[in-house]
Amino acid sequence: MIRPGHPTLPQSFSAALAETRLRMLNVSRYPGQLALEIIIPIVFASMPMLLGRASAGDDAAANFAANTGTANYVAFLLIGSNVFTIVTGAFWHIAYWLRFEQETGTLEAVYLTPTSSLTLLSGVALYSAIRGVGSAIFAYIVGCLLFRVNPLQGDVLLALAFIAAGLIPLYGIAMLFGALVLKVKESNALVGLMQWVVSFLMGIFFPVAVLPPVVRAVALAFPPTWMTNGVRSALLGVGFFFGEWYLDMAVLWAFIFFTPLFGFWVFNRVETGLRKNEGMGQF
Amino acid sequence: MITQATPNSDSNPNSNTLLTGPAAWLDSLFEMSKKELLIMLRYPVEFVASFGQVFIIVTILTLAGLMFSPGGVKNAGESSQTSGLVVYGFILFMFLSDTLWTIGYNVRREQKQGTLEQLYLSPASKFASLVSRVTITLVWTGLLSATSAWLMSAMIGRLPFANVPLGVFILALSLSGTFGVGFAFAGLTLRVKEAGQTLANFLQFAFMVICAPFYPFFALPDWAQPVARLIPLSYTVDAFRSTLMNYPPGFPELAPIGVEIVIVVLFGLLMPPLGYWFYRREEDSARRKGSLSEY
């Protein structure tokens with residue numbers, strides 16, 4: 001039954017896709033920014049690579065293998081920096097969407113439309129996932145070719161499956177973070193800090209096994225950690241946390257069921273609280 | 001000649017304020033820096049986050065570097081040369097990033113807020129206005145550098161710390177030079193507008209790779225080494241860390257230290273007037289076109 005002022009599911013879906021299209025159109029106007037998204041992870045991974053080569057010389061690969069489980073440090077570091085790009089993209093796009101609407105004074109106007117903000121947020125998440133994964137895959141291939149490493153070794157399909165499964169809980173966390181930005185209103189600082197905290201916890205350039213036990217436990221509660229290790233294990237054989245790919249994938253699926261719902265719930269609560277207290281247009 | 005704030009200032013002793021000369025310049029710089037500090041203090045989360053961020057970046061880089069050492073994290077604390085390379089490179093990178101890009105970002109912020117034109121109507125020094133954008137940030141970066149140096153040396157090894165006065169001299173001239181580049185970049189921001197941010201990011205990453213702040217120059221690919229030799233910033237990085245590390249074998253890498261110091265001095269003395277000249281030229285052009293408030 002159609003109720004006036006309450007969009008149907010197909011209408012909501014259409015609104016989310018329209019938001020995705022709008023964002024895509026917007027970013028297509030900044031090709032330099034898109035090019036940077038390819039360059040940044042490669043440059044970022046090259047820092048420890050060059051430092052390691054310089055300090056360890058000919059033993060670089062052997063030392064790296066002893067510490068991480070693979071001698072292919074180029075691919076290991078590139079996977080880390082590219083998953084980092086996906087994760088930071090998710091945080092930036094979700095948090096900055098809210099902030100942008102706040103700053104331009106359109107967030108309140110958005111609330112006057114019959115489309116819920118969660119529908120629009122889903123559209124932003126879809127845009128972010130397409131942009132993040134697209135540039136990460138491209139940057140990984142370009143990086144591997146630049147450093148003369150085969151990008152298609154290992155089980156590529158399984159690696160993609162880990163990325164796909166990891167995206168949903170990732171955006172659940174990003175939504176939690178979006179709620180925090182709504183509350184604290186300092187998105188730049190928070191995203192800046194959070195992206196590094198997450199990159200540290202997910203083991204961007206090192207296996208999480210090197211972290212102290214308490215920090216490791218926190219890291220394992222983060223879906224990006226399972227995503228990163230899943231991709232590395234599928235492509236480089238560094239070893240799944242539970243020994244088999246399907247057990248690690250099962251953990252990611254557990255996150256899939258829990259994280260988005262929790263993210264939606266917290267976001268809704270914060271949003272409702274702010275609307276009641278007239279804090280939505282303030283920044 | 002004394003320039004006064006208001007035409008009828010003779011009747012008002014409080015308005016008998018000098019608007020030119022070194023005292024007025026310093027006073028303007030102080031007040032403008034105070035305003036920047038006030039803005040900074042209004043965002044306490046950002047204040048704390050920037051501190052936390054540096055610690056995490058340092059830890060990530062350190063752990064990444066340790067993955068290439070024979071004992072991994074167990075080897076932490078054994079290589080003082082590696083720690084010197086990374087710590088001093090990181091410190092210089094933080095300082096240079098401040099001076100290189102912050103001025104341009106702030107000019108852009110004034111444009112977005114619509115206050116840039118108003119600033120040009122005031123008789124205050126434009127030069128002081130540009131310098132004030134970085135003054136507070138530099139003090140803050142100094143604190144961050146000291147703490148990150150302490151953290152990194154605790155994690156990856158005792159830090160070599162020699163020739164401090166010469167090191168400070170090289171740092172000061174490097175900053176002076178990058179101030180000049182910062183002025184030029186601010187001028188460029190007036191011209192390229194929104195693309196300025198992308199350009200800044202691109203140049204920052206190019207600096208991270210070519211000027212080798214996080215690894216020695218010999219680690220660069222063959223094609224990048226001649227490019228690094230063409231950029232004065234490479235010599236500031238090399239001279240700064242080699243000096244504080246007391247010139248271990250193979251350092252400085254690009255030229256003898258005497259030659260590097262001459263390059264750093266010339267860079268530090270010539271870049272500010274050149275950069276400021278470029279900024280004024282771009283500003284003049286923007287005012288003539290009426291594009292100062294466009295973004």
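Each chain gets a letter, A, B and so on, in the order the sequences are listed, and its residues count up from 1. Remember, predicted model here, so these are calculated numbers, not experimental data. These values consider heavy atoms only, across backbone and side chains, with no hydrogens, waters or symmetry-generated copies.
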Exercise. CZ of B:F161: more than 12 outside heavy atoms within 6.0 angstrom?
Worked result: no
Exercise. Going by heavy atoms in the side chains, are A:L193 and B:I56 under 4.5 Å from each other?
Worked result: yes
Exercise. Checking B:I60 against chain A: side chain, backbone, both or neither under 4.5 Å from a heavy atom?
Worked result: both
Problem set entry | Considering all heavy atoms, the nearest A:W196-B:Q53 contact | CD1-CG, 3.2 Å
For this session: Using non-hydrogen atoms and a 4.5 Å limit, figure out which bit of A:Y73 sits close to chain B: side chain, backbone, both or neither.
Result: side chain
Exercise. When the ring planes of A:F64 and B:F68 are compared, do they come out parallel, tilted or perpendicular, using 30° and 60° as the limits?
Worked result: tilted
Problem set entry | Nearest-0.5 Å distance that lies between atom CG in B:L61 and atom CD1 in A:I204 | 9.5 Å
Exercise. Does atom CZ of A:R216 have more than 12 heavy-atom neighbours from other groups under 6.0 Å away?
Worked result: yes
For this session: Please say whether more than 12 non-hydrogen atoms of neighbouring residues, nucleotides or ligands are located less than 6.0 Å from CZ in A:F241.
Result: yes
Seminar exercise, completed: What one should report as the nearest heavy-atom pair of B:V209 and A:S46 is CG2-OG, 4.4 Å
For this session: Please round to the nearest 0.5 Å and tell me the distance separating atom CZ of B:F205 and atom CD1 of A:I39.
Result: 9.5 Å
Exercise. Would you say the side chain of A:L211 lies within less than 4.5 Å of the side chain of B:L63, judging by non-hydrogen atoms?
Worked result: yes
Problem set entry | A:L50 portion near chain B, given a 4.5 angstrom heavy-atom threshold | both
Exercise. For B:F202, is it the side chain, the backbone, both or neither that has a heavy atom under 4.5 Å from a heavy atom of chain A?
Worked result: both
Problem set entry | Separation between CZ of A:R53 and CG of B:L220, rounded to the nearest 0.5 Å | 11.0 Å
Problem set entry | Sub-4.5 Å side-chain heavy-atom contact between A:F205 and B:M67 | no
Exercise. So with a 6.0 Å cut-off around CG of A:N26, is the heavy-atom count from everything else above 12?
Worked result: yes
Problem set entry | Shortest non-hydrogen contact from B:M208 toward A:M47 | O-CE, 3.4 Å
Problem set entry | Donor-acceptor pair, side chain of A:N67 and main chain of B:S69, under 3.5 angstrom | yes
